[in-house]
Amino acid sequence: MTNISRSAPVDRRPQLLAAGAATVTVGLWASAFVAIRSAGAAYSPGALALGRLLAGALVLGAVCVVRGEGLPPRGAWRGIAISGVLWFGFYMVALNWGEQQVDAGTAALVVNIGPILIALLGARLLGDAMPPRLLAGMAVSFAGAVAVGLSMSGGGGSSVLGVVLCLLAAVAYAGGVVAQKPALGRASVLQVTAYGCLVGAVVCLPFTGQLVHDAAAAPLPATLDMVYLGVFPTALAFTTWAYALARTSASRMGATTYAVPALVVLMSWLFLDEVPGLLTLAGGALCLAGVAVSRSRPRRRTASAPVPDSVAGPTDAPPAGTDAAPAAGTATPLSSTGAAPESRAEQA
C-alpha cells in the first residue's frame, strides 16, 4: 500500500469577511475625528452625542424593521445595556467634552489606553488569550500612538479636567467592548448594535434642550457632519465592528483600532490640509506595523493522515495473523469517508 498525505481545506471566507468588516470600521471611525472637529465648533459635547445617536438609532431601527428583527433575547440585554450606557452614551459625551479641554495629541494619547484596557479586561473577564504577537503588536502600536500624540501636542493646551475626561472615555470604551462580546453570542449583530445605540440615545436625552438650541444656530455643514456621524461612523461602523467582534477576541479587535491614528493623520492631510511632520508619519507607520503584528498568527501546521491509494483486490495477500484470505472478487471494506479522519491544527 502506498501512503499519500491530504490536507483538509481551510475555509478562509469567515476570516476575510471579519477582516473586511474591521477595515470598514477603522476607516469610518478615523473619518469621525474629522467630522467631530467640524461639528464640534457649533454643537456642545452632549448635543453632538445625542444628535449623532438619534441619527444612528433611526437608521438602525429602520433596518431592523425591514429585516424583521425582533427584540433581543433576555440573556443578551445585560451586555447590550452596559455597552449602550458606557460606550454609546458616556464615551461619546466624555470624548467630545475632553477634546474641547485638551489638544488633539493629548486626547489621542490618553484614549489609546483603551485597547490595552480591553486586553486586560478581556483576559480577566472573558478568558481571552494573550499571545506574544498580540502583546508585541500592541506595544509597537502604542509607541506609534505616543509619537503621533507628541507630534500633535505642540500648539494646544491641556487641563486636568480634559485628561480625566479622556481617561474616563477610554475606560468606558473598554468596558463597553468587553460587555458587548457575550451579548453577541446570544443576539444578532444588528440587534446588539441597534439596541445599544438606542440605550445610548436614552442616556443622552438630558441634552435635548442643548441639541434644539444648537441646531437652531448651527450652520448647515455642521449639522450635516452630525448626521454623517450618526449614519456612517455610528450605524454602519458599529455594526461592522460587532460583526468582526463576534468572530474574534475582544483583545485582538481592540488592537485593530490602533490603525485609527494613522488614518486620522492621512485624512487630516487630505481634507484639512494639515501636513504631517516626520515624527507624525513615523508614528502612523508604527501604528500600522503594530496592528499587522497583533493580527498575524504563527504559521499553522496541518496534521495529515495516510490514506490508501488503491483497494485490496482478490489477488492481495491476507494480512499477517489472519487464518484465511478474502474470497475471490471481494474487496477490502473502507470507512464511510474512504480515509482516516483528517485533523486540523488549532488556531493560534
Side-chain angles (χ1 to χ4, degrees), residues 29-54 56 81-121 142 145-146 148-180 196-197 199-211 213-214 218 222 225-226 229-230 233-234 237-238 241 254 257-258 260-261 264-265 268:
W29 282 355
S31 74
F33 282 88
V34 179
I36 287 173
R37 292 184 61 180
S38 175
Y43 286 91
S44 61
L48 179 58
L50 176 59
R52 173 180 178 176
L53 289 168
L54 288 176
I82 294 175
S83 65
V85 171
L86 291 180
W87 195 9
F88 286 87
F90 184 85
Y91 166 81
M92 291 190 182
V93 176
L95 182 61
N96 292 343
W97 190 6
E99 287 189 350
Q100 291 184 356
Q101 304 293 319
V102 300
D103 57 81
T106 302
L109 279 174
V110 178
V111 172
N112 274 301
I113 297 174
I116 299 174
L117 297 177
I118 290 174
L120 296 176
L121 290 175
F142 186 71
V146 170
V148 172
L150 291 176
S151 67
M152 297 170 61
S153 298
S158 300
S159 69
V160 174
L161 175 61
V163 172
V164 171
L165 287 169
C166 290
L167 181 59
L168 290 175
V171 173
Y173 160 49
V177 170
V178 173
Q180 190 184 62
C197 186
V199 169
V202 171
V203 170
C204 293
L205 283 178
F207 301 106
T208 302
Q210 293 183 9
L211 176 60
H213 175 271
D214 293 348
D225 282 331
M226 182 177 66
L229 287 168
T234 302
F238 273 81
W241 163 275
T257 61
Y258 273 123
V260 170
V264 170
V265 170
S268 297

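Everything quoted here is computed from the prediction, not taken from an experiment. All values below were derived from every heavy atom in this structure, side-chain atoms included, with hydrogens, water molecules and symmetry-related copies excluded.
- With a 6.0 Å radius and a threshold of 12 heavy atoms from other residues, nucleotides or ligands, Trp97 has its CH2 atom at or below the threshold.
- Separation of atoms CG (Leu86) and CD (Gln180) is listed at 11.5 Å; rounding is to 0.5 Å.
- A 4.5 Å side-chain heavy-atom check between Val203 and Phe88 finds every atom pair outside the cut-off.
- The minimum heavy-atom distance linking Ile82 with Ala179 is given by the pair CG2-CB, 3.5 Å.
- With sequence neighbours excluded, the residues forming a side chain to side chain donor-acceptor pair (under 3.5 Å) with Asp214 are Ser44, listed by chain and number.
- A distance of 4.5 Å separates CG of Leu48 from CG of Asn96, quoted to the nearest 0.5 Å.
- In terms of heavy atoms, Val93 sits closest to Ala49 at CG2-CB, 3.7 Å.
- Taking 4.5 Å as the limit, some side-chain heavy atom of Tyr173 sits within range of a side-chain heavy atom of Ile118.
- Rounded to the nearest 0.5 Å, atoms CZ (Arg52) and SG (Cys204) are 10.5 Å apart.
- In this structure, Ile113 CD1 and Leu120 CG are separated by 11.0 Å, a value rounded to the nearest 0.5 Å.
- Between atom OG of residue Ser31 and atom CG of residue Asp225 there is a gap of 10.0 Å, rounded to the nearest 0.5 Å.
- With Ser38 contributing its side chain and Ala35 its backbone, the two residues share no donor-acceptor pair below 3.5 Å.
- Remark: Tyr91 pairs with no residue by the side chain to side chain donor-acceptor pair (under 3.5 Å) rule, at least two apart or across chains.
- Between atom CG of residue Leu54 and atom CG of residue Leu205 there is a gap of 7.0 Å, rounded to the nearest 0.5 Å.
- Here Trp87 pairs with nothing under the side chain to side chain donor-acceptor pair (under 3.5 Å) rule; sequence neighbours left out.
- Across every non-hydrogen atom of Leu229 and Thr234, the tightest pair is O-OG1, 2.8 Å.
- Of all non-hydrogen atoms in Leu117 and Ala174, the two that sit nearest each other are CB-CB, 3.6 Å.
- Closest of all the heavy-atom pairs between Ala47 and Met226 is O-SD, 4.2 Å.
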